[in-house]
Student: 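This structure is in structure tokens; I'll ask about it shortly.
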Protein chains: 2
Amino acid sequence: MPRQLDDATDTLLASMLVADGRATLKTLAEATGLSVSAVQARVRRLETDGVIRGYVAQIDPEALGLPLAAFISLTPLDPRQDYEIPDLLADFSEIESCHSVAGDASIVLFVRVASPAALETLIREVRKRANVATRTTVVLQTCFERQARPPS
Amino acid sequence: MPRQLDDATDTLLASMLVADGRATLKTLAEATGLSVSAVQARVRRLETDGVIRGYVAQIDPEALGLPLAAFISLTPLDPRQDYEIPDLLADFSEIESCHSVAGDASIVLFVRVASPAALETLIREVRKRANVATRTTVVLQTCFERQARPPS
DNA sequence: GCTGAAATTCCTCAAAG
DNA sequence: CTTTGAGGAATTTCAGC
């Protein structure tokens, strides 16, 4: 159960680290008006409390050879196994996110693949593995994509 | 036009930086068997070539006060302005991603908000701003969510 | 909680092979 | 690409408030 952000200082730290995950303690200290040590202690606490889950490099999907993205909606053929589906899909590296949803489908996946052929292969394997019907929406263009930011 | 990843070493570097965006050059050097200087040059090249777009901290959305996520599908009421829609939506900080898609809708958004009431407000504003009909799918649970990784 | 300072590690750049 | 070295910068740790 993750905490809320305590105060304005933590919120500022989180904002800055979302904008630049490699911001130095010195930079953060200057922005907050605290000492480097104090900032370090706060950031450490945000990390151990799970507010900051980690730091990642954002890689261009095309450079990875994954230029094609798609949403795949899943409808279980056997509703009894509904809750097991995410576990069955965790191995597929092509799946970037897996959301259980309220709506026509039970689950919505966001996937990245190398080609239309790879998408077809993935869809078939997901159907078989999870025993689901699928409905796929191909992404034509990603207009923008960004990290959730603290609401000012 | 972003380059492909050149070789196995660049792929390994990218993988490691996706797993830990704060990995030190020394760590990367040990994993690749290269010198720190060589790794530094490679990472720099990946950055300037746009393969590495940046580094970000991943923040727990709940800690930010944004526990509710949803997909919103947009259908333009006036198809002539189709291509302008993403620009009109860029200011909404609640919108995490905006994809143009092939399917029933023209555009699919992924959004994070504080509450059902905030979701309703957002939907109304999106409709008005972009002159679209909307179809919203509420996320009940995010089973997993991860960065695209280089396919082994 | 915070500060400040010392000790350590890391980054950056250059030179030379 | 490698190694080396030097200078600066960042991180860590710890004493003290």
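Order of the sequence lines fixes the chain letters, A, B, ..., with proteins taken first and strands second; residue numbering starts at 1 for each chain.
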Student: Verify the ring-centre separation between Phe110(B) and Phe110(A): is it less than 6.0 angstrom?
Tutor: no

Student: In this structure, how many angstroms lie between the C1' atom of dA9(D) and the CG atom of Leu28(A), rounded?
Tutor: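 Taking CG of Leu28(A) and C1' of dA9(D), I get 15 Å after rounding.
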
Student: Between Ser35(B) and dT2(D), does any side-chain N or O lie under 4.0 Å from OP1 or OP2?
Tutor: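 Yes, such a contact exists.
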
Student: Grab the CG-C1' distance between Leu25(A) and dA9(D) for me, whole Å please.
Tutor: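 Answer to the nearest Å: 12 Å.
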
Student: Salt-bridge test for Arg129(A) and Asp91(A): reply yes if a basic N is under 4.0 Å from a carboxylate O, no otherwise.
Tutor: yes

Student: Please figure out whether Ser37(A) or Lys26(A) has its closest DNA chain D nucleotide nearer the 5' end.
Tutor: Lys26(A)

Student: Is any side-chain N or O of Gln40(B) closer than 4.0 Å to OP1 or OP2 of dC11(C)?
Tutor: no

Student: The side chain of Thr24(B) is closest to which nucleotide in this list: dT11(D), dC11(C), dT2(D)?
Tutor: dC11(C)

Student: Roughly, in whole Å, what's the span from OH in Tyr55(B) to C1' in dC11(C)?
Tutor: 13 Å

Student: Of the options dC13(C), dG4(C), dC1(D), whose atoms approach the side-chain atoms of Arg44(B) most closely?
Tutor: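 Of the options given, the side chain of Arg44(B) lies nearest dC13(C).
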
Student: Using heavy-atom distances to pick each residue's nearest nucleotide on DNA chain C, tell me which of Arg22(A) and Val36(A) is more 5'.
Tutor: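 Upstream on the strand: Val36(A).
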
Student: Heavy-atom distance under 4.5 Å between the side chains of Val126(A) and Leu89(A), does that happen here?
Tutor: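 With C-beta onward as the side chain, the pair touches.
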
Student: Without placing hydrogens or testing angles, list every side-chain donor-acceptor pair under 3.5 Å for residues 18-28 of chain B, not counting sequence neighbours.
Tutor:
from     : atom 1 : to       : atom 2 : distance (Å)
Asp20(B) : OD1    : Arg22(B) : N      : 2.9
Arg22(B) : NE     : Gly21(A) : O      : 3.0
Arg22(B) : NH2    : Gly21(A) : O      : 3.4
Arg22(B) : NH2    : Ala23(A) : O      : 2.8
Thr24(B) : OG1    : Thr27(B) : N      : 3.1
Thr24(B) : OG1    : Thr27(B) : OG1    : 2.8

